[in-house]
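These notes concern the structure reproduced below.
Note on naming: letters A, B, ... go to the chains in the order of the sequence lines (proteins, then strands), and numbering restarts at 1 for each one.
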Amino acid sequence: MSDNRQLQKISTSWGDIVVQMRDGKVSSCTLPYVDDTPTEPFTISTTEKNAIEFFVCDTFRGRSSGVPPIAELQGSSFQNMVWLLLSKIPSGETKSYREIAEALGKPLAYRAVANACGKNPAPLFIPCHRVIGSDGKLHGFSAGTAWKRMLLDIEGKKGI
DNA sequence: AGTCACTGATCGA
DNA sequence: TCGATCAGTGACT
């Protein structure tokens, strides 16, 4: 099992997005933390020379190109189920923490769902930013809600 | 036992 | 209306 690891950086005005690959699959994605009210407008610079960059670029354009293969996720069974559901939310749509919990057959586990979202190893690739509160508020994002707000805005959910 | 990226209810301004 | 506050909830450390 010679794991063929590879790091990929994508530079943006908010800092570098670092994607870690293993055997050609995405195993994690790290976004730099940004304050809730960034002064800097978001810009991204990449050559889109491979599938990862292409996907990330498309994401920030509000398009949903094919999601690159994601490595097997190492979380608890509950977390894996949450992450699987998240990955099925299409671009431009949102779900509430409670809807996810209900889909898992545990409507009262919304708090746990939120926990799992926060531990999502690959934001962007697993679209945890499309999960918002049932009151329509963003509530949180591991790398700062600025990302969440921007992504939803780009994907067509204006004014959240 | 304590921590949460929640939710629904309640209360005061 | 809109906020702050509170209790209840489940998974995880």
Side-chain angles (χ1 to χ4, degrees), chain A residues 8-22 25-44 52 55-64 67-160:
Chain A
Q8 176 145 1
K9 280 191 190 179
I10 298 171
S11 68
T12 81
S13 58
W14 286 1
D16 287 350
I17 297 172
V18 181
V19 180
Q20 186 170 95
M21 315 260 290
R22 188 172 60 79
K25 298 178 190 170
V26 176
S27 54
S28 77
C29 172
T30 314
L31 306 178
Y33 183 84
V34 288
D35 189 70
D36 281 352
T37 54
T39 52
E40 190 80 10
F42 180 82
T43 57
I44 186 169
I52 301 301
F55 168 79
V56 171
C57 258
D58 261 14
T59 299
F60 288 110
R61 283 200 200 98
R63 293 193 208 141
S64 61
V67 182
I70 297 177
E72 198 167 327
L73 300 168
Q74 321 190 37
S76 68
S77 59
F78 181 83
Q79 289 171 329
N80 287 336
M81 286 168 64
V82 172
W83 296 335
L84 179 66
L85 282 181
L86 297 190
S87 66
K88 292 181 178 170
I89 306 176
S91 175
E93 290 190 20
T94 59
K95 288 200 180 304
S96 67
Y97 295 95
R98 181 162 50 177
E99 283 176 305
I100 303 285
E102 282 172 353
L104 289 172
K106 306 189 179 195
L108 298 182
Y110 38 74
R111 201 75 161 76
V113 168
N115 270 325
C117 290
K119 286 168 185 151
N120 167 14
L124 296 189
F125 296 87
I126 299 170
C128 59
H129 58 275
R130 297 186 188 129
V131 185
I132 61 178
S134 53
D135 54 0
K137 289 180 181 162
L138 298 184
H139 283 282
F141 193 69
S142 55
T145 49
W147 288 100
K148 195 168 181 172
R149 185 164 37 242
M150 172 186 68
L151 286 163
L152 292 176
D153 191 57
I154 288 171
E155 293 176 0
K157 297 287 176 184
K158 308 284 185 194
I160 297 183

> With a 4.5 Å limit on heavy-atom distance, are the side chains of A/Ile52 and A/Phe125 in contact?
Replying inline: yes

> Side chains of A/Trp147 and A/Pro123: closer than 4.5 Å at any heavy-atom pair?
Replying inline: no

> Under a 3.5 Å cutoff on both atom distances, Watson-Crick or G-U, what's the dot-bracket for DNA chain B ([ ] crossing, | other strand)?
Replying inline: ||||.||||||||

> In whole Å, what is the span from the CG atom of A/Asp135 to the P atom of C/dC2?
Replying inline: 12 Å

>> Just to be sure I understand the rule, does A/Gly118 reach a base, reach only the sugar-phosphate, or reach nothing, if contact means heavy atoms closer than 4.0 Å?
In response: base

> Side chain of A/Tyr110: nearest nucleotide among B/dA5, C/dG8, C/dA11?
Replying inline: C/dG8

>> As a test of reading the structure: which of B/dA5, B/dT7, B/dC4 is closest to the side chain of A/Cys117, going by heavy atoms?
In response: B/dA5

> Any side-chain N or O of A/Arg111 less than 4.0 Å from the OP1 or OP2 oxygen of C/dT9?
Replying inline: no

> CD1 of A/Ile100 versus P of B/dT7: gap in Å, rounded?
Replying inline: 11 Å

>> Quick check: on DNA chain C, is the nucleotide nearest A/Leu108 upstream (toward 5') of the one nearest A/Gln79, or the reverse? Name the residue that is more 5'.
In response: A/Leu108

> What is the distance, rounded to the nearest whole Å, between atom CG of A/Leu31 and atom P of B/dA5?
Replying inline: 16 Å

>> Rounded to whole Å, how long is the line connecting atom CG of A/Leu104 with atom P of B/dC6?
In response: 16 Å

> Tell me, do A/Thr43 and A/Trp14 make a side-chain contact under 4.5 Å, heavy atoms counted?
Replying inline: no

> Rounded to the Å, how far apart are A/Asn115 CG and B/dC4 P?
Replying inline: 9 Å

> What distance separates A/Leu124 CG from A/Leu151 CG, expressed to the nearest 0.5 Å?
Replying inline: 6.0 Å

>> Using OP1 and OP2 only, check whether a side-chain N or O of A/Lys106 sits under 4.0 Å from C/dA11.
In response: yes

> In whole Å, what is the span from the NZ atom of A/Lys119 to the P atom of C/dT13?
Replying inline: 5 Å

>> Any non-hydrogen side-chain atom of A/Ile89 less than 4.5 Å from a side-chain atom of A/Val131?
In response: yes

> Which of these, A/Lys148, A/Arg130, A/Arg61, A/Arg63, sits in a salt bridge (charged side-chain N to carboxylate O under 4.0 Å, His left out) with A/Glu155?
Replying inline: A/Arg130

> Among the nucleotides C/dA11, B/dA5, B/dC4, which one has an atom lying closest to any side-chain atom of A/Cys128?
Replying inline: B/dA5

> Is A/Ser142 touching bases, backbone alone, or none of the nucleic acid, heavy atoms closer than 4.0 Å?
Replying inline: base

> Is the A/Phe42 ring parallel, tilted or perpendicular to the A/Phe60 ring (thresholds 30°, 60°)?
Replying inline: tilted

>> Applying a 4.0 Å non-hydrogen cut-off, can you work out what A/Phe141 is touching in the nucleic acid: base, sugar-phosphate, or nothing?
In response: base

> Quick check: does any side chain N or O of A/Trp83 sit under 3.5 Å from a backbone N or O of A/Ala116, one acting as donor and the other as acceptor?
Replying inline: yes

> Taking only side-chain nitrogens and oxygens of A/Ser134, does any of them come within less than 4.0 Å of OP1 or OP2 of B/dT7?
Replying inline: yes

> Between B/dT7 atom P and A/Lys95 atom NZ, what is the distance in whole Å?
Replying inline: 14 Å

> Just how far, in rounded Å, is P of C/dA11 from CG of A/Asn120?
Replying inline: 19 Å

